[in-house]
J.: 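The structure is given below, and queries will be raised subsequently.
Hydrogens, waters and symmetry mates play no part in the numbers below; they use all other heavy atoms, side chains included. Reminder, nothing fancy here: chain letters follow the sequence lines and each chain counts from 1.
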There are 2 protein chains.
Amino acid sequence: MRGQVAQALPNRDIVPPGKLVQHSCLVAEGLAGRFSQLPDGMRQITAIYLPGDMCDLHSAMLPRVEWALQALSAPLTYLKIPHEELLRVSRTHPAVAEAFWRDCVVDASVIAQWLVSLGRRSAIARAAHLLCEMALRVESAGLGTRAAFDFPATQLHIADGLGITAVHMNRVIRSLRQRGALAWTGRSVSILDWDALAHIGSFDDGYLEFRPFANG
Amino acid sequence: MRGQVAQALPNRDIVPPGKLVQHSCLVAEGLAGRFSQLPDGMRQITAIYLPGDMCDLHSAMLPRVEWALQALSAPLTYLKIPHEELLRVSRTHPAVAEAFWRDCVVDASVIAQWLVSLGRRSAIARAAHLLCEMALRVESAGLGTRAAFDFPATQLHIADGLGITAVHMNRVIRSLRQRGALAWTGRSVSILDWDALAHIGSFDDGYLEFRPFANG
DNA sequence: CGCATAGTTGAACGCGGTCAACGTGAGTGG
DNA sequence: CCACTCACGTTGACCGCGTTCAACTATGCG
């Protein structure tokens, strides 16, 4: 399967919302995010993608995407894979079709966990839960360990993912740091006390299934 | 494709969380919901399913579900369809595999919209948005019109879907009623002023794509 | 050096939670 | 037919988490 390499900078749409797209994106380096925006300018990030994640696979089935894709780090490098190719392979190889289907299902179960966080967890618990999730995904993608990994997103980005303000995000991080659970300087995160963090976020890793395109 | 008819009552798991399941469920009559529960007892509904919706199709790919399925109405009638059957058909008919894949993608895009609601909309906007969504889904499933439809879920259920308390849900409904947007008595909802409701919830129907199993 | 973006802190406000009652309607059994 | 129960709905008073607004610092880049 072939694709075209591309790069992007933060705060600029890779894929604009409401348009028909002809390709999906495989993250190669950096972080990508899926953004929704309300009429009043409020922004919500609904997914974060690591290198190896296929971040737009949905669009092969629904080419009119309702959200934007943006880089969360500079630079972001990704591979544009035409839907045509994806569908050709999946139609001739049922096992591939199932792998694509499964990837979308895993993606949905992560979103569902985020939904639980935004609906029923406090701000600090949301942050702890997200950090646990990112740590395990980074680890399973071979990009670092759960104890220390590179995380180039800004506090504002994470706030937009957790449904809180950047101001409160800052206070939450300080609180986690003061509890000795975390060190977060610049773009590198260290989880100093995994058990404490997992407890604060009531984190249960069951929903993070094998991601077919991870370890890419 | 054959299945086994079953019935269920509210507040009892149809599918318990953490167990392996061998079948998916097609709602025949009533409302079903997907529930997540936190260790402290907090509950979040992450999806609501109407008659014609395939509510557990994910489990064909990930048989260990991380959430529960419960009835939101009494009675709920549904069809249990073995994964074995679903996979057999999808493996021999690529078009069916794609239909299943697409259904999961549509489901995910609805969850993503809920995520935006919980993250960035006020309680009253969340309620308005959900009601608009349900109205259109009811209408497209041929179960009523967007102006008047049967909605047997309790206020507590909706509150658990919107990430608010039952007390506040009640106040929100009253506020929508006072604004002349809504009438909600017992199990029947009337949307008196669609434009007002859609405006309050900043509702845009673009994400509600054709659902393969709707109109079932 | 000048400008933009990100991070940090404080003070005051308000949305929605919490707690506690009470109302209401359906179902049940006397 | 009434008494009882139980789930759901409704309302009021108070409280606290997170927002808002504003200011300032730090960092990076032309």
Side-chain angles (χ1 to χ4, degrees), chain A residues 9-12 31 33 38 40-45 70-75 117-128 130 151-178 182-189 200-201, chain B residues 9-12 31 33 38 40-45 70-75 117-128 130 151-178 182-189 200-201:
Chain A
L9 293 175
N11 304 318
R12 179 158 307 195
L31 281 181
L38 295 180
D40 63 2
M42 289 274 216
R43 204 167 64 156
Q44 177 67 43
I45 295 181
Q70 287 189 7
L72 296 181
S73 66
S117 269
L118 296 212
R120 293 302 186 198
R121 276 190 255 256
S122 68
I124 194 170
R126 292 181 210 179
L130 179 66
F151 196 57
T154 66
Q155 292 184 10
L156 176 57
H157 284 140
I158 307 307
D160 279 337
L162 299 180
I164 63 179
T165 59
V167 171
H168 200 56
M169 185 70 221
N170 189 273
R171 293 195 240 265
V172 163
I173 291 173
R174 172 153 49 112
S175 169
L176 287 172
R177 197 167 42 220
Q178 282 172 353
L182 195 71
W184 186 340
T185 53
R187 40 187 292 158
S188 85
V189 169
I200 292 171
Chain B
L9 292 175
N11 304 318
R12 177 159 307 194
L31 281 180
L38 295 181
D40 62 3
M42 288 273 218
R43 203 166 64 158
Q44 176 68 43
I45 295 180
Q70 287 189 9
L72 296 181
S73 66
S117 269
L118 296 211
R120 292 304 185 197
R121 275 190 256 256
S122 67
I124 194 168
R126 292 181 211 181
L130 179 66
F151 197 58
T154 66
Q155 292 185 10
L156 176 56
H157 283 140
I158 307 306
D160 279 337
L162 300 181
I164 63 179
T165 59
V167 172
H168 200 58
M169 185 70 219
N170 190 273
R171 292 195 243 263
V172 162
I173 292 173
R174 172 154 48 110
S175 169
L176 288 173
R177 198 167 41 222
Q178 283 172 352
L182 195 71
W184 186 340
T185 54
R187 42 186 290 158
S188 85
V189 169
I200 293 171

J.: Can you work out whether B:Arg174 or B:Pro10 has the more 5'-proximal nearest nucleotide on DNA chain D?
T.: B:Pro10

J.: Once you round it to whole Å, what is the distance between C1' of D:dG9 and CD1 of B:Ile158?
T.: 14 Å

J.: Taking CZ from A:Arg121 and P from D:dC17, how many angstroms apart are they, rounded to a whole number?
T.: 18 Å

J.: Check every strand shown and say whether A:Gly186 touches a base, only sugar-phosphate, or nothing at a heavy-atom separation below 4.0 Å.
T.: nothing

J.: Given atom CE of B:Met169 and atom P of D:dG9, what is their separation to the nearest angstrom?
T.: 10 Å

J.: Which whole-number value in Å describes the distance from B:Leu156 CG to D:dC6 P?
T.: 18 Å

J.: Between A:Gln44 and B:Ser117, is there a donor-acceptor pair closer than 3.5 Å when you use the side chain of the first and the backbone of the second?
T.: no

J.: Please report the distance, rounded to the nearest Å, between CD1 in B:Ile173 and C1' in C:dG16.
T.: 15 Å

J.: Please test A:Arg120 against B:Asp40 for salt bridge (Lys or Arg N to Asp or Glu O under 4.0 Å), starting from the C-alpha separation and ending with a verdict.
T.: CA-CA 10 Å; A:Arg120 293 302 186 198; B:Asp40 62 3; over 6 Å; no

J.: How do B:Arg120 and B:Gln155 order along DNA chain D: which one's closest nucleotide is nearer the 5' end?
T.: B:Gln155

J.: Checking A:Ser73 side chain against A:Leu31 main chain: does a donor-acceptor pair fall under 3.5 Å?
T.: yes

J.: Separation of B:Leu118 atom CG from C:dG17 atom P, in whole Å?
T.: 11 Å

J.: What is the nucleic acid contact for B:Thr154, judged by heavy atoms within less than 4.0 Å: base, sugar-phosphate only, or nothing?
T.: sugar-phosphate

J.: Starting at atom CZ of B:Arg187, determine the distance to atom P of D:dG9, rounded to an integer number of angstrom.
T.: 12 Å

J.: Of the listed nucleotides (C:dG17, D:dA22, D:dG18), which one gets closest to any side-chain atom of B:His168?
T.: C:dG17

J.: Within less than 4.0 Å of OP1 or OP2 of D:dT19, is there a side-chain N or O belonging to A:Thr165?
T.: yes

J.: Report yes if at least one side-chain N or O of B:Asn170 is closer than 4.0 Å to OP1 or OP2 of D:dT10; otherwise report no.
T.: yes

J.: If you check the B:Val167 side chain, which of C:dG17, D:dC21, C:dC19 turns out closest?
T.: C:dC19

J.: What about B:Arg171, does its side chain sit under 3.5 Å from the base of D:dG12 through a donor-acceptor pair?
T.: yes

J.: Under 3.5 Å, is there a donor on one side chain and an acceptor on the other for B:His168 and B:Thr165?
T.: no

J.: Between the side chain of A:Arg121 and the main-chain N/O of A:Arg126, is any donor-acceptor distance below 3.5 Å?
T.: no

J.: Calculate the interatomic distance between B:Arg126 atom CZ and C:dG17 atom C1'; express it in whole Å.
T.: 12 Å

